[in-house]
Amino acid sequence: MKMIADIFRARNQYERPAPFDNSGDGFYLKIGAVFQSREGTLTHEFDVVVVGAGGAGLYCALEAGQKAKTAVISKLYPVRSHTGTAQGGIGAALGNVEEDRPEWHAFDTVKGGDYLADQKPASLLASEAVQAVYHLENLGLPFNRTADGRIDQRRFGGHTRNFGEAPVRRACYAADRTGHMILQTLFQQCIKQDVEFFDEFHLVDVFIDENRCRGLAAIELSTGELHVFRAKAVLLATGGFGRMFRITSNAYASTGDGPAVLARRGLPLEDMEFFQFHPTGIRGLGILITEAVRGEGGVLRNRNGERFMEKYAPTLLDLAPRDMISRAILTEIAEGRGVKGDGSVDDYVLLDASRLGKDVIAAKLPEISDFCRTYLGLDPAAQPIPVQPTAHYAMGGIPTDDRGRVFGAAKGTVVDGLYAAGECACVSVHGANRLGTNSLVDLVVFGRRAGIDIGEYVRHADLPALPGDAADSAAGLIARLREKSGGPPPETLREKMRDLMMQKVGIYRKERDMAEAVRAIAELRGQYRDIGLLDKSREYNTSLLEILELGNLLDLAYITAACSLRRRESRGAHAREDFPERDDANWLRHSLARLTGDAVEIGDKPVDVSIWPPKPRKY
Ligand SMILES: Cc1cc2nc3c(=O)[nH]c(=O)nc-3n(C[C@H](O)[C@H](O)[C@H](O)COP(=O)(O)OP(=O)(O)OC[C@H]3O[C@@H](n4cnc5c(N)ncnc54)[C@H](O)[C@@H]3O)c2cc1C
């Protein structure tokens, strides 16, 4: 491991900065520039630094890299990013297997989001999805094909024809490995584009001064050294934060580092109360069984064998939006029709995929088949799959416009040179509940738009000056952890947080529970400050990494609980037992939450409902 670090440094060290060539066509020399300060901190200079190598980060880097010297830093090796786990598909109204239109897709997105999605960006999402999918195809993505050679499409929850009439085939897919294929395709293209990768670098801080982003600090995991990246533009694409919940489909790395760093820098986060639970996680484990199983014809059944979605969503049945199905499952369980039916937390329902037949499962859902064999020891073509809802997707995050520019202190003001895209961002196109297949669309549409905007922006922007003490805050945080020993065990705090969020800020919520969660998480944040690092080693110190990630999760859990407590209505994924109805008169507004020390200050932002006036949401 040490050897890899040495090779890496030998490649980069002491290269003198290449002069920027701003003349003519806007192309710059693409040679990494690295300096070493007297204290030993390595400083790199780039036009663009992208944090995150999932679909959003790579798409942005691919676009920006055509115009500017671009680096991607990622705490994981790029193709291990969470996008690689996306299974079922990417939505686009190609109309390859039946009639479809982008405006139907946009309407479904808005209705699926319970009218909290901003409608112009949602329309942009749907219309540019078509172009983005064909772009991916041209880049070499191996989509499944129809008999006549076009990209095949299947059904997915909440996607309909003619404004809600019936399910439509809109999800383009590569078996149940769509995200894996997107990631591989984009990574290869970035390499071809000479984008420079800093793998296993962990973002610790972003430098923002006088409303201008000036770069960032990241720790190199293999050496424990802190690096400074100076850049004209920074894009955060650090993914979701499902690890704040006990049962989740999210990988260990989904800890919300980007939004948490910005929150601590005083920037607001939008709509944090909306966290999606996917209805079909493997019982007890949370590992996802894609909605594509139901898109291909699988159905949910309760302990009596009844297809219970007939009661809850008579038109779309098992393809209703995720928030509705997750609540339906909990209702079945609460009323004694879950498979165990005794009210304990691991009650579940059954997902019957046997009606698809062995051949369809083998051809279109091979990954799911493997999961069932590995984790449950069953064959989904022969036996039903035990499932329960699993925390899956953050609708909220860093507020951006439709070019990825991050909104800062004042309403409507963007922070110069700071961008965000992907799950960590909130454009907002998913509103209170995201439709399946729309995250991958979000990554490619808005990752691409941000990359194009950045490419233009850096042509005219100067490399901002960096105050001498820019990295002090990040260095101080790490030094404090290294100096201290003892304190509360981080894993105890983490487990408490995950249980609190699951039990008190989960699918169904009520005032007393959420108030208790806010109080208890505040206490955990207090205890967190006393944590010391037992393992003092520098190279690959995973304890340090886990502590940094825990701090990020605690901050975001705190904001999520506080925002949930404040919103006194039910909308999309935010379902309150004490306020069961949607209340447009008082709550048709986005929340903007700001962390100020131990307090969360929450304000509002209007929702764009300029195309479709809100209506009751029936399926
Ligand atoms: C099991 C599963 C199946 C899914 N299936 C679908 C689907 O079929 N269709 C769909 O539309 N959506 C699906 N989703 C959702 C979708 O996959 C994700 O929302 C999306 O991939 C997130 O992409 P991203 O680029 O924003 O972030 P990610 O792919 O999560 O990438 C985050 C990147 O940020 C980096 N990073 C994070 N923190 C730091 C840090 N501190 N320093 C440096 N780097 C950092 C990571 O290394 C990583 O490279 C699924 C999700 C899951 C969990």
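We count ligands from 1, going down the list as the structure has it; atoms in each ligand are counted the same way. Basis for what follows: all heavy atoms, side chains included, without hydrogens, waters or symmetry-related copies. One-based numbering along the sequence shown.
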Is it the side chain, the backbone, both or neither of [X] that has a heavy atom closer than 4.0 Å to ligand 1?
| X | answer |
| --- | --- |
| D257 | side chain |
| V441 | neither |
| L288 | side chain |
| Y393 | side chain |

Is it true that the side chains of [X] and [Y] contain a donor and an acceptor less than 3.5 Å apart?
| X | Y | result |
| --- | --- | --- |
| Y59 | H135 | yes |
| K75 | S81 | no |
| H159 | T437 | yes |
| D323 | Q276 | no |
| D257 | N552 | yes |
| T223 | E220 | yes |

Can a non-hydrogen atom of [X] be found less than 4.0 Å from any atom of ligand 1?
| X | result |
| --- | --- |
| R434 | yes |
| E291 | no |
| I90 | no |
| G179 | no |
| T178 | no |
| T290 | no |

- Task: Take H430 and F274, measure what ring pair (Phe, Tyr, Trp, His ring centres under 6.0 Å) needs, and give me the verdict at the end.
- Result: CA-CA 10 Å; H430 307 303; F274 298 102; over 10 Å; no

Does [X], backbone or side chain, put an N or O under 3.5 Å from an N or O of ligand 1?
| X | value |
| --- | --- |
| T85 | no |
| A53 | yes |
| G240 | no |
| S81 | yes |
| G436 | no |
| A253 | no |
| A421 | no |
| P78 | no |
| G52 | no |
| T83 | yes |

- Of all residues at least two apart in sequence or in a different chain, which pass the side chain to side chain contact (heavy atoms under 4.5 Å, CB included) check with A450?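 By the side chain to side chain contact (heavy atoms under 4.5 Å, CB included) rule, A450 matches L235, Y419.
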
- D176 side chain vs E367 backbone, donor-acceptor pair below 3.5 Å: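 Between the backbone of E367 and the side chain of D176 there is a qualifying donor-acceptor contact (under 3.5 Å).
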
- Ring-ring centroid check H227 F198, cutoff 6.0 Å: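 No, ring centres 6.0 Å or more apart.
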
- Query: Would the F207 and F229 ring centres measure less than 6.0 Å apart?
  - Reply: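 When the ring centroids of F207 and F229 are compared, they turn out to be at least 6.0 Å apart.
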
Could you list the atoms of ligand 1 found under 4.0 angstrom from a heavy atom of [X]?
| X | value |
| --- | --- |
| A56 | 25 (O) |
| G422 | 26 (O) |
| H392 | 2 (C), 50 (C), 51 (C), 52 (C), 53 (C) |

- When you look at R265 and D205, which way does the salt bridge (charged side-chain N to carboxylate O under 4.0 Å, His left out) test go after all the steps? CA-CA 9 Å; R265 281 277 166 195; D205 197 9; 2.6 Å; yes

- Task: Out of G88, G286, S249, indicate the one that has the non-hydrogen atom closest to atom 8 (O) of ligand 1.
- Result: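 Among G88, G286, S249, the closest heavy atom to atom 8 (O) of ligand 1 comes from G88.
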
- Message: A quick test of your reading: do over 12 heavy atoms of other residues, nucleotides or ligands sit less than 6.0 Å from CZ of R264?
- Response: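 Above 12, so yes.
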
Where is the nearest protein heavy atom to [atom]: which residue, which atom, and how far?
| atom | result |
| --- | --- |
| atom 13 (C) of ligand 1 | A86 CB, 3.8 Å |
| atom 47 (O) of ligand 1 | S74 OG, 2.8 Å |
| atom 44 (N) of ligand 1 | K75 N, 3.0 Å |

- Checking ring pair (Phe, Tyr, Trp, His ring centres under 6.0 Å) for the pair F197/F187: CA distance, chi angles, key distance, verdict? CA-CA 10 Å; F197 282 88; F187 185 48; 5.0 Å; yes

- Measure the acute angle between the ring planes of F275 and F277, then classify it against the limits of 30° and 60° as parallel, tilted or perpendicular.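 Taking F277 first and then F275, their aromatic rings stand perpendicular (interplane angle over 60°).
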
